[in-house]
Amino acid sequence: MGLKKTAQKTTSQKTTSQECAAKVMETIPLVMRAIRADMRAQGSTTLSVPQFRTLAFLDRNPGASLSDLAEHLGVTRATASATVERLVQRAYVHRNDHPQERRRIVLKLTEAGNHHLQQAREQTRTHIADLLKHLSEKQILQIEEGLILLKEVFEEAFQEREPDDPNLPHIL
């Protein structure tokens, strides 16, 4: 009888995790569309979404290569190179040759690039906060707790895999 209850619990958990996964896949794209729409509507930031994602990636991965960036963006190296070129022209990104590998390019944010990224992030945070301000403190806490848990789940999943694993999901 204990085995039957365990099997029922496992089936129930799978159903719940499946339903939760469906909600995540339904919600994250909606949130990202809202963020992208907000960024396009902001007159004060002149970054495209791929440029914003490039700056954010380089903020998290200073010294990344062009290939690393292209993989993160889900684009070709040529497309990533064009995006970087526009950011270099605006003095938001430094592009240097790798000291040991001639063919490799090292990318880093400039001070201006970091400032612009932080400004764009703050504007987006303000917009999201405006969307959430009608919620109760309890609802905001529930969202925050859920997001913390979701982040922990994905961070753990990424730590268990090799960084160059082709099966890693590219969410943002």
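The chain is numbered in sequence order, starting from 1.
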Given side chains that start at C-beta, do those of Arg90 and Gln51 come closer than 4.5 Å, heavy atoms only?
yes
Same hydrophobic cluster for Phe52 and Met32, using side-chain heavy-atom links shorter than 4.5 Å among ILVMFWY?
yes
Minimum-distance pair of heavy atoms, taken over all atoms of Gly113 and Leu55
O-CD1, 3.9 Å
Minimum side-chain heavy-atom gap Ile35-Val49 below 4.5 Å
no
Heavy-atom side-chain contact between Ile105 and Asn96 under 4.5 Å
no
Is the shortest side-chain heavy-atom distance between Asp59 and Arg121 below 4.5 Å?
yes
Roughly how far, to the nearest 0.5 Å, is NZ of Lys133 from OG1 of Thr126?
11.0 Å
In the structure I gave you, are the side-chain heavy atoms of Val84 and Arg95 within less than 4.5 Å of one another anywhere?
yes
Using side chain to side chain donor-acceptor pair (under 3.5 Å) as the criterion, list what pairs up with Asn61, not counting sequence neighbours.
none
Thr54 OG1 to Leu107 CG distance, which is reported to the nearest 0.5 Å:
9.0 Å
Same hydrophobic cluster for Ile148 and Val153, using side-chain heavy-atom links shorter than 4.5 Å among ILVMFWY?
no
Sequence-distant partners of Phe57, ring pair (Phe, Tyr, Trp, His ring centres under 6.0 Å), two or more places apart:
His72
Can you see which heavy atom on Gln139 is nearest to which on Ser136, and at what distance?
OE1-N, 2.9 Å
Among all residues two or more places apart in sequence or in another chain, which pass the side chain to side chain donor-acceptor pair (under 3.5 Å) test with Arg77?
Ser67
Donor-acceptor pair, Gln119 side chain versus His116 backbone, under 3.5 Å?
no
Closest approach of Ala112 and Ala91, non-hydrogen atoms and distance?
CB-O, 3.6 Å
Heavy atoms, side chains only, cut-off 4.5 Å: are Leu131 and His127 in contact?
yes
Please say whether more than 12 non-hydrogen atoms of neighbouring residues, nucleotides or ligands are located less than 6.0 Å from CD in Glu155.
yes
CG of Leu109 to CD of Gln118: how many Å apart, nearest 0.5 Å?
9.0 Å
Check: Leu58 and Val93 side chains under 4.5 Å, non-hydrogen atoms
yes
Count the heavy atoms of every other residue, nucleotide or ligand shown that sit under 6.0 Å from CD of Gln142, and state whether that count exceeds 12.
yes
Out of curiosity, Arg125 CZ to Asp130 CG, how far, rounded to the nearest 0.5 Å?
13.5 Å
Do Val24 and Leu30 belong together in a cluster built from hydrophobic side chains that touch within less than 4.5 Å?
no
For residues Ile128 and Val31, determine if any side-chain heavy atom of one lies less than 4.5 Å from a side-chain heavy atom of the other.
no
Do side-chain atoms of Ser65 reach the backbone of Arg104 as a donor and acceptor pair under 3.5 angstrom?
no
Taking the side chain from Thr79 and the backbone from Val75, do they hold a donor-acceptor pair closer than 3.5 Å?
no
Around atom CD of Gln89, are there more than 12 heavy atoms from other residues, nucleotides or ligands closer than 6.0 Å?
yes
For the student: nearest non-hydrogen atoms of Lys108 and Pro62, plus distance:
CG-C, 4.5 Å
With rounding to the nearest 0.5 angstrom, report the CG to CD distance, Leu117 to Glu122.
11.5 Å
One should read off an interatomic distance between Leu135 CG and Leu141 CG, to the nearest 0.5 angstrom, of 12.0 Å
